[in-house]
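The basis for the numbers below is simple: all heavy atoms, side chains too, and nothing from hydrogens, waters or symmetry mates.
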Amino acid sequence: SAYVQKGQVSQNTTWHGEIITEHFENAIDAVEWNGEVVCADRNDDGEVIGALSGCSPLNLWGKNLASQEAIDYVSAKAQRTATVDQMSVGATVTGDLFELPAGMVAAAFSAEYREEKSKTTPDSAMQQGLIFGNQSDALSGEFDVTEASVELSIPLLTDSVIADDIFLELAYRHMDYSSTGTDSAWKVGLNYVFNDELTVRANVSKSVRAPNISELFAPKGQTFNSFNDPCGQGAIDNANPEKKANIEANCRAAGIPVGWEPSEDWRRTNHSGFVLGNVDLENESADDITIGFVYNPKFIEGFGLTVDYWSFDLEKEITYPAAVDIVNFCYESESLDNLYCGLLERTPGTNEIDNYFQKPINSATSKISGYDIEMNYSIETDFGTFAPRLIATYLDNREKNDTGFAEDHKVHTGEQDRPRWKARFITNYSYEDLSLALTVAYRHATVDDNEWNIEDNDYNEIPSYTTVDLTGRYNITDELEVRAGVLNLFDREPPRNPFAYDEGQYYDMLGQRI
């Protein structure tokens with residue numbers, strides 16, 4: 001089989017009621033000239049020499065005092081157009097290669113070429129920084145990737161006293177990205193079918209995710225942040241003792257002398273920088289392991305149990321460091337040769353930080369592992385069919401490091417975002433034209449922060465949370481079905497904890513509803 005496809009998404013965005021900064025500043029510089037209030041036209045010394053042509057003075061000192069002419073003069077629309085294009089072509093060949101004693105070796109060979117383009121064009125006022133107060137540049141980026149893969153299903157054993165079937169599954173994919181170079185992904189899997197009741201399966205693989213166009217080519221957008229300079233002598237003197245030696249050595253290596261301090265003007269201002277993409281990003285990668293079994297015992301008709309263990313170890317994960325982190329991590333590292341120092345610029349002579357670039361970088365690692373459990377049972381009786389089903393996940397471990405520094409390694413297992421247990425129990429009942437479903441959703445008790453101590457607050461413990469929904473439907477005729485339901489049947493409120501009570505992502509904010 002083969003295919004060719006092309007698609008495009010186009011988007012036009014308009015913001016109404018924006019302010020042109022320069023016009024606003026002109027309009028509020030109102031003076032009296034020849035008996036009339038006008039916008040001031042000033043010379044290089046700041047002296048008023050007449051009325052500024054085309055400008056209407058803006059009266060801000062009360063409700064409805066601004067004239068329509070002044071409002072029209074300072075107001076503007078901001079517009080932006082964006083397009084995303086994708087073209088891909090590929091082919092796959094599948095079939096049997098040859099026969100082994102246990103059966104045929106099945107194979108699939110595929111090749112694909114994909115090209116992606118993205119373009120975003122703000123209007124000239126946005127690009128010049130005349131609207132919003134921040135500059136917004138145009139985006140134009142593209143990359144292409146050529147991929148080739150092979151998959152094999154190899155029967156190792158069949159109709160044996162130790163197994164009905166044993167299959168080995170192999171897969172390999174080679175990728176060549178114009179943006180990040182070559183990479184590869186692979187999988188080794190084993191399916192062990194003991195009999196009609198029990199199957200065991202295991203997979204070990206490597207996964208790859210390439211950065212997208214926005215992460216690579218996002219245009220410069222101006223931003224402002226407040227932070228201190230870690231190379232100021234006062235900051236060095238009061239630095240964390242564990243990091244002080246690195247900070248001082250790196251500041252001296254950067255040419256900043258002993259006793260240097262940034263100016264008072266620098267300290268008092270929010271510092272200008274840029275948010276943008278990073279063409280030097282590398283691919284994210286993960287080592288994956290899944291092991292599990294499927295059990296359908298004959299002595300319990302209609303019962304099934306599936307249990308899977310999974311583990312994902314991610315490296316070079318893409319993160320977006322904050323401005324203050326870029327500054328601090330640059331000098332807290334063991335040397336200036338790190339991911340952060342290249343994102344800073346200092347003014348020669350004054351040594352003050354005059355620019356920084358908030359780019360995505362490959363700084364994070366994370367590990368996550370746990371178990372997925374699913375049980376289902378179907379019971380047929382003279383008064384209807386019951387079909388209970390349980391789906392649960394147990395989180396064994398969740399740890400993450402966003403910066404690469406050992407002290408920033410965090411274990412998040414059991415925190416509110418990552419509870420140990422999450423489960424959903426669903427019981428379906430059907431009898432002739434009636435169907436009912438009872439759903440119980442459960443979140444295990446958690447904490448807000450594993451690194452909490454009593455000096456932080458008194459609210460770290462978050463109790464478990466369970467809601468019940470009851471829904472049903474009835475077929476009155478073949479053409480007419482009625483449905484009804486009660487969500488959050490027992491009107492369960494979110495946990496009374498300031499870190500949990502308004503978390504609509506995890507808890508029901510609405511209460512019982514019909």
Side-chain angles (χ1 to χ4, degrees), residues 11-82 120-139 218-229 232 261-276 322-324 327 344-358:
Q11 181 186 61
N12 298 315
T13 307
T14 301
W15 292 269
H16 298 270
E18 298 301 332
I19 298 295
I20 300 177
T21 306
E22 182 181 6
H23 286 192
F24 178 78
E25 292 172 351
N26 291 339
I28 63 174
D29 185 12
V31 297
E32 188 174 354
W33 183 260
N34 293 334
E36 294 183 4
V37 178
V38 297
C39 303
D41 185 11
R42 300 179 183 271
N43 60 22
D44 294 340
D45 295 327
E47 300 168 338
V48 178
I49 58 175
L52 186 64
S53 177
C55 175
S56 295
L58 179 64
N59 189 345
L60 299 176
W61 307 112
K63 186 177 181 180
N64 298 325
L65 296 181
S67 67
Q68 188 61 48
E69 292 80 4
I71 293 173
D72 293 341
Y73 174 69
V74 301
S75 300
K77 290 190 299 184
Q79 294 181 312
R80 184 180 67 192
T81 61
T120 302
T121 307
D123 62 26
S124 60
M126 293 177 67
Q127 293 192 42
Q128 295 175 59
L130 303 180
I131 296 178
F132 299 149
N134 291 345
Q135 184 178 352
S136 179
D137 289 344
L139 177 150
K220 287 195 301 183
Q222 197 171 17
T223 186
F224 296 88
N225 288 279
S226 176
F227 50 81
N228 295 320
D229 194 322
E261 292 285 356
S263 67
E264 285 301 316
D265 285 343
W266 188 92
R267 293 176 188 272
R268 286 195 297 262
T269 59
N270 279 343
H271 312 302
S272 173
F274 291 95
V275 178
L276 69 163
V324 64
V327 175
L344 288 176
E345 291 180 352
R346 290 181 179 271
T347 302
T350 68
N351 289 322
E352 292 174 347
I353 297 172
D354 65 353
N355 213 351
Y356 55 89
F357 303 95
Q358 289 183 246

Treating [X] as the side-chain partner and [Y] as the backbone partner, does any N or O pair qualify as donor plus acceptor under 3.5 Å?
X: Arg346; Y: Asn351; value: yes
X: Tyr356; Y: Val324; value: no
X: Ser75; Y: Asp72; value: no
X: Trp266; Y: Ile353; value: yes
X: Asp123; Y: Gln79; value: yes
X: Asn59; Y: Trp61; value: yes
X: Gln222; Y: Ser272; value: no
X: Gln127; Y: Pro122; value: yes

[X] atom [atom1]: more than 12 heavy-atom contacts under 6.0 Å:
X: Asp44; atom1: CG; result: no
X: Asn228; atom1: CG; result: no
X: Glu22; atom1: CD; result: no

Working for side chain to side chain contact (heavy atoms under 4.5 Å, CB included), residues Leu276 and Gln358
CA-CA 6 Å; Leu276 69 163; Gln358 289 183 246; over 6 Å; no
I need the minimum non-hydrogen distance between [X] and [Y], along with the two atoms involved.
X: Gly232; Y: Glu261; value: CA-OE1, 3.6 Å
X: Asn355; Y: Gly273; value: OD1-CA, 3.7 Å
X: Thr14; Y: Lys77; value: CG2-CD, 4.1 Å
X: Ala40; Y: Leu52; value: O-CB, 3.8 Å
X: Pro57; Y: Ser67; value: O-OG, 4.3 Å

Note, Phe274 side chain near Thr223 side chain (heavy atom, < 4.5 Å)
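No, too far: nothing below the 4.5 Å cut-off.
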Donor on one side chain, acceptor on other, Thr81 and Asn12, under 3.5 Å
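Judged by distance alone, the side chains do not pair up.
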Let me confirm one number: the [atom1]-[atom2] distance from [X] to [Y], rounded to the nearest 0.5 Å.
X: Lys220; Y: Phe357; atom1: NZ; atom2: CZ; answer: 6.5 Å
X: Glu352; Y: Asp265; atom1: CD; atom2: CG; answer: 8.0 Å
X: Arg268; Y: Ser263; atom1: CZ; atom2: OG; answer: 8.0 Å
X: Thr269; Y: Arg267; atom1: OG1; atom2: CZ; answer: 11.0 Å
X: Ile19; Y: Ile71; atom1: CD1; atom2: CD1; answer: 9.0 Å
X: Asn43; Y: Ile49; atom1: CG; atom2: CD1; answer: 5.5 Å

Students often mix this up, so state it plainly: with edges at 30° and 60°, are the rings of Tyr73 and His23 parallel, tilted or perpendicular?
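The rings of Tyr73 and His23 lie parallel, inter-plane angle below 30°.
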Trace of the side chain to side chain contact (heavy atoms under 4.5 Å, CB included) decision for Ile131 with Thr21:
CA-CA 6 Å; Ile131 296 178; Thr21 306; over 6 Å; no
Verdict with reasoning, Val327 to Leu344, per side chain to side chain contact (heavy atoms under 4.5 Å, CB included):
CA-CA 7 Å; Val327 175; Leu344 288 176; 3.7 Å; yes
Aromatic ring proximity Phe227/His271, centre distance under 6.0 Å
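Yes, ring centres under 6.0 Å apart.
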Taking only Lys NZ, Arg NE, NH1 and NH2, and the carboxylate oxygens of Asp or Glu, determine whether Asp29 and Arg42 approach each other closer than 4.0 Å.
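A salt bridge is present here (some side-chain N lies under 4.0 Å from a carboxylate O).
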